[in-house]
Amino acid sequence: MVITKEAVLEALRTVQDPELFKDIVTLNMVKDINISDGRVAVGVELTTPACPMKDKIRGDVNAALARVPGVTAVQVNFTAQVRGSGPSAGASGPASAGKPNALPLVKNTIAVGAGKGGVGKSTIALNLAVGLAIQGAKVGLMDADVYGPSIPTMAGLEGQSPTVSGDRMVPLLVGPAGHGIKVMSIGFLVPKEKALIWRGPMVHGVVKQFLEQVEWGELDYLIIDLPPGTGDVSLTLSQQIPLTGAVIVATPQEVALMDARRAVRMFQQLGVEILGVVENMSYFVCEHGQEYDIFGRGGAQHMAQTMGLPFLGEVPIDMTIRQNGDTGNLIGNYQPGASANAAMTGVTELLAGQISIRNMTRPAAKKLSLQISD
Ligand code: ADP
């Protein structure tokens, strides 16, 4: 029995992208079809290498093609082409509207914020960058936490400084072979112990410099670690670049959530979309496997639900997360068997999914709701 490409395409039209609610043919995700006797190989291009729906799509393609008469074997080959959220794609940050984008080669810029310090914002920012890089994306990490830059320590880059090429700084490169993450931090430029007392205009200047005078090159994702709270860095960022959106990190206890809500509202006021909430230090698993909800597991998830925001997942309190951060073991949480691996991978994939959804479903720039002068 001869299998035709048309019959295969017809069958693939029944496979929906579970997040975009359209079939993968209409979404132009089917890139090639090879038929050899009863064997069919289908190339599917995902919108991110960290797609959380990979397995589901593979299963659905297999099931759909199994119904085509004559098909004896199916192979699904994934590739990924990250889509961007440039100004024309409707990136957030009305204050940046109409201005030239300082990062035209960066497809997605994601600010990671928190209502208060010590909730694990930098840890999550770093692990999001690592998780995306491991899956094959081109990633940068900008440590904009000017008051307490911890990325140099956590990334194992303490004591190093970026080189300068012409009038631009070249970010340091760390990470899995072939998947290096470009890292820039104020911590590379000032002595570690020096208290960083910044006034608003100075903060503005540093952030502007990190955007305009750092050789970021082409990136799929630039993760930006913000200082805790609501303040100058977020304002400057939203004025300077079309942010794809923000991730809010919160611990589940009520006092932390109050501040997290405030941070959410600040981003919303700036016109920056919230891509999701991460509940860090959600629970603790003791050596006997018993779980303890130290800070009241579920609090941040509930906050996300009540505010209508995507929830990206829970990350437990885990001694190895702290150790990996302190010792600069960059990929420690993603090593096979690492206790935090599943949680970190889950959060990374859900964020990548949210970014794809956002880029595929926001065709036009949002109308300005707020104007902020320089
Ligand atoms: P923030 O950026 O919000 O100030 P950090 O990411 O610097 O917070 O984290 C503060 C401390 O808590 C660090 O020592 C870090 O290693 C630790 N930490 C963060 N998240 C976890 C976690 N889930 N389990 C254990 N330790 C954590």
Side-chain angles (χ1 to χ4, degrees), residues 110-131 141-158 181 183 185-187 192 195-196 198 223-231 233-234 246-253 255-264 266-267 276-287 291-301 311-335 338-348 351:
I110 300 106
V112 180
K116 55 194 261 145
V119 299
K121 171 187 51 59
S122 300
T123 303
I124 298 298
L126 178 92
N127 281 282
L128 285 172
V130 175
L141 177 60
M142 182 201 289
D143 181 4
D145 190 348
V146 291
Y147 306 105
S150 46
I151 295 295
T153 304
M154 290 182 175
L157 291 170
E158 231 173 82
I181 301 167
V183 185
S185 168
I186 192 72
K192 191 182 170 194
L196 299 181
W198 298 90
I223 306 289
I224 304 171
D225 183 16
L226 295 177
T230 52
V233 174
S234 314
V247 170
I248 301 293
V249 180
T251 49
Q253 75 273 39
V255 281
L257 293 174
M258 266 165 23
D259 293 334
R261 282 189 202 99
R262 207 167 294 138
V264 167
M266 173 201 69
F267 281 115
V277 175
V278 178
E279 179 165 308
N280 191 31
M281 308 194 192
S282 182
Y283 57 96
F284 172 73
V285 186
C286 79
E287 56 190 326
E291 293 185 4
Y292 293 89
D293 299 346
I294 295 177
F295 294 126
R297 184 176 185 172
Q301 182 168 13
F311 183 64
L312 302 179
E314 302 174 326
V315 176
I317 299 185
D318 184 309
M319 201 156 76
T320 56
I321 294 180
R322 199 267 309 150
Q323 284 167 338
N324 288 331
D326 279 356
T327 57
N329 183 2
L330 186 82
I331 57 167
N333 296 322
Y334 288 96
Q335 260 146 3
S339 43
N341 193 334
M344 291 296 190
T345 303
V347 168
T348 302
L351 171 65

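These values consider heavy atoms only, across backbone and side chains, with no hydrogens, waters or symmetry-generated copies. First listed ligand is number 1; within each ligand, the first listed atom is number 1.
- Considering only heavy atoms from C-beta on, Phe267 comes within 4.5 Å of Leu226 through its side chain.
- Near Pro316, with a cut-off below 4.0 Å to any heavy atom, the atoms of ligand 1 are 22 (C), 23 (N), 24 (N).
- Not a single heavy atom of Gly325 sits closer than 4.0 Å to an atom of ligand 1.
- In this structure, atom 11 (C) of ligand 1 is not in close contact with the protein, since no protein heavy atom lies within 4.0 Å of it.
- The shortest contact between atom 18 (N) of ligand 1 and any protein heavy atom is with Met281 CE, 3.9 Å.
- Where the criterion is an N or O separation shorter than 3.5 Å, residue side chain and backbone included, Val119 meets it with respect to ligand 1.
- In this structure, the separation between CG on Leu128 and CG on Leu141 is 9.5 Å, given to the nearest 0.5 Å.
- Looking at Asp145 next to ligand 1, no N or O pair under 3.5 Å apart turns up.
- In this structure, CE on Met154 lies 10.5 Å from CD1 on Ile321, to the nearest 0.5 angstrom.
- Heavy-atom separations between Gly118 and ligand 1 include at least one value shorter than 4.0 Å.
- For the 3.5 Å distance criterion, the side chains of Thr327 and Asn329 fail to qualify, holding no donor opposite an acceptor.
- The nearest protein atom to atom 25 (C) of ligand 1, hydrogens excluded, is given as Asp318 O, 3.1 Å; this is a heavy-atom distance.
- For the atom pair OG of Ser150 and CG of Asp225, the computed distance is 6.0 Å after rounding to the nearest 0.5 Å.
- Distance check, rounded to the nearest 0.5 Å: CD1 of Ile248 to CG of Asn280 gives 13.5 Å.
- Closest protein heavy atom to atom 20 (N) of ligand 1: Asn280 ND2, 2.9 Å.
- Annotation: side chain of Val130 is not in contact with side chain of Met344 (no heavy-atom distance under 4.5 Å).
- Here the side chains of Asp143 and Val183 are not in contact, with every heavy-atom distance at 4.5 Å or above.
- Heavy-atom proximity to atom 7 (O) of ligand 1, evaluated over Met344, Met154, Lys121, Arg322, is greatest for Met154.
- Ligand 1 is never approached by Ala340 to a heavy-atom distance shorter than 4.0 Å.
- For ligand 1, one of its N or O atoms has an N or O atom of Gly120 under 3.5 Å away.
- Atom 19 (C) of ligand 1 has its closest protein heavy atom at Thr123 OG1, 3.4 Å.
- Rounding to the nearest 0.5 Å gives a distance of 10.5 Å between CG of Asn333 and CD of Gln323.
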